[in-house]
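Throughout, a chain's letter reflects where its sequence line sits, starting with A, and its residues are numbered from 1.
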Number of protein chains: 2
Amino acid sequence: MGSEMAPTTARRTPAEEAWAAMRRLLFSQRLDMLGIASEFALSPPQLFALRSLEPDEPAPMSRLAEVLRCDASNVTGIVDRLEDRGLVERRAAPHDRRIKHLVLTADGVGLRTRIAERMDRPPAGFAALTAAEQRELRDLLGKVAAGCDEDRG
Amino acid sequence: MGSEMAPTTARRTPAEEAWAAMRRLLFSQRLDMLGIASEFALSPPQLFALRSLEPDEPAPMSRLAEVLRCDASNVTGIVDRLEDRGLVERRAAPHDRRIKHLVLTADGVGLRTRIAERMDRPPAGFAALTAAEQRELRDLLGKVAAGCDEDRG
DNA sequence: TATTGTTATACTCTATAACTATA
DNA sequence: TATAGTTATAGAGTATAACAATA
């Protein structure tokens, strides 16, 4: 229901058409992502933060700033709230006491697993494709992603 | 560089693989969207609001709440800021004075056009596909989107 | 009474700049 | 002097609840 806008140009190249189709999906998936975050009572940054932490792999707070692409000052508050919920812990890095490592608690690992299961599950629309088409789609998207990465350098 | 997480499961179905490939692109495109909004000195909601308004087609504020999927109370502030920049105008609806219509100003139409040109331009990665592959991708994505819409009802 | 949009409030995210504690 | 993380501050988005004007 009008979740995306009609194109302004009448004539489009195949690339533009493919991109338009993809943007429609992007738009609806953005909403799904908000829905998932909400299911777990997490904000989007909290969700990504939890997702980015591997069990038993302490990571410095600065890495979270990179993952979330936000200023380091924000990480403080985001981690504060995760810590308040008992999902992560701050731990002084042994070799450099300026650095604080983040580690998932047992609760954090559990929630992260449930989140992964929920996020890895393909949306219903993928069932509309045959297995061969799904592989085809995977390969085409892979090529596009590789091309984008290459462009970024 | 590490913008998306590795899957937790080793064995995946074609649908899961396609979805994983798509999510990688979703993730990077989310950042591109933020970049575009920033290019035009707009917040994401302001960008979508502008995009959703058609020139010479007044729309009630309530429609914006639907498009942005947010509470009506937020629309007030978002529109305030667009109005402060002279991009849209509030206009009392003639038939029901409770309703306020939004209309793009001349500046608003101009900016909206530039935004559309920028957003409709396919990311560099699409050039990695042949025209035939681009059409194939468009069709596969179209099927997925249709399947998702159907699922939503 | 019901509806449209606003206001009040509270919380989270966001950036910038100044600060602390290490190194 | 430089770096990791914090704090202070300000602006924007978000929701809920209460409200005004209108229907």
Side-chain angles (χ1 to χ4, degrees), chain A residues 27 30-53 58-85 87-103, chain B residues 27 30-53 58-85 87-103:
Chain A
F27 196 87
R30 187 187 68 91
L31 295 171
D32 285 2
M33 206 56 74
L34 290 175
I36 292 174
S38 172
E39 278 177 38
F40 294 100
L42 294 169
S43 68
Q46 286 168 357
L47 184 81
F48 289 124
L50 220 50
R51 195 78 229 260
S52 80
L53 287 171
M61 303 204 38
S62 58
R63 212 180 76 80
L64 210 45
E66 285 171 22
V67 169
L68 301 176
R69 313 278 185 120
C70 72
D71 191 85
S73 62
N74 302 313
V75 176
T76 300
I78 292 166
V79 169
D80 279 350
R81 289 177 274 278
L82 289 175
E83 204 168 24
D84 287 347
R85 282 181 55 177
L87 299 171
V88 305
E89 269 179 24
R90 274 181 249 240
R91 200 174 286 174
H95 60 294
D96 185 338
R97 282 158 59 199
R98 288 175 302 182
I99 297 173
K100 289 178 188 167
H101 280 157
L102 299 176
V103 282
Chain B
F27 196 87
R30 187 187 69 92
L31 295 172
D32 286 0
M33 207 55 74
L34 289 175
I36 292 175
S38 171
E39 279 177 37
F40 294 100
L42 294 169
S43 68
Q46 286 168 359
L47 184 80
F48 289 125
L50 221 49
R51 225 14 286 234
S52 80
L53 287 172
M61 305 206 33
S62 58
R63 212 179 76 80
L64 210 45
E66 284 171 23
V67 169
L68 301 176
R69 312 276 187 123
C70 71
D71 191 85
S73 61
N74 302 313
V75 176
T76 299
I78 292 165
V79 169
D80 279 350
R81 288 176 273 278
L82 289 175
E83 203 168 24
D84 287 347
R85 282 181 57 179
L87 299 171
V88 305
E89 270 179 23
R90 275 182 248 239
R91 199 174 286 173
H95 59 295
D96 185 337
R97 283 158 60 198
R98 287 174 304 182
I99 298 172
K100 289 179 190 166
H101 279 157
L102 299 176
V103 282

Would you say D/dT6 has OP1 or OP2 under 4.0 Å from some side-chain N or O of A/Arg90?
yes

Examine C/dT22: is either OP1 or OP2 under 4.0 Å from a nitrogen or oxygen in the side chain of A/Lys100? Give yes or no.
no

Which nucleotide in C/dT6, D/dA15, C/dT14 has an atom nearest any side-chain atom of B/Ala72
C/dT6

Establish, with yes or no, whether the OP1 or OP2 oxygen of C/dT3 is under 4.0 angstrom from a side-chain nitrogen or oxygen of B/Ser62.
no

Starting at atom CE of A/Met61, determine the distance to atom C1' of D/dT3, rounded to an integer number of angstrom.
14 Å

What is the distance, to the nearest angstrom, from the NE2 atom on B/His101 to the P atom on C/dT4?
11 Å

If only atom types and distance count, is the side chain of A/Arg90 paired as donor or acceptor with the main-chain N or O of A/Glu83 below 3.5 Å?
no

For a quick check of understanding: with a heavy-atom distance under 4.0 Å over all strands, which category does A/Asn74 fall into, base, sugar-phosphate or nothing?
base

Any B/Arg69 side-chain N or O less than 4.0 Å from OP1/OP2 of D/dT14:
no

Roughly how far apart are A/Leu102 CG and A/Leu87 CG, rounded to 0.5 Å?
12.0 Å

Measuring from the side chain of B/Gln46 (C-beta onward, heavy atoms only), which nucleotide among D/dG13, D/dT16, D/dG5 has the closest atom?
D/dG13

Reckon A/Asp96 touches a base, only the sugar-phosphate, or nothing at all at heavy-atom distances under 4.0 Å?
sugar-phosphate

Do B/Thr76 and C/dT7 share a donor-acceptor pair, side chain to base, under 3.5 Å?
no

For a quick check, tell me whether the side chain of B/Arg98 and the base of C/dT3 share a donor-acceptor pair closer than 3.5 Å.
yes

Nearest-neighbour nucleotide for the A/Ser43 side chain, D/dG5, C/dT6, C/dT12 considered:
C/dT12

Is the backbone of B/Ser52 close enough, under 3.5 Å, to the side chain of B/Arg63 for a donor and an acceptor to pair up by distance?
yes

From D/dA23, D/dT16, C/dT16, pick the nucleotide closest to the side chain of A/Ser73?
C/dT16

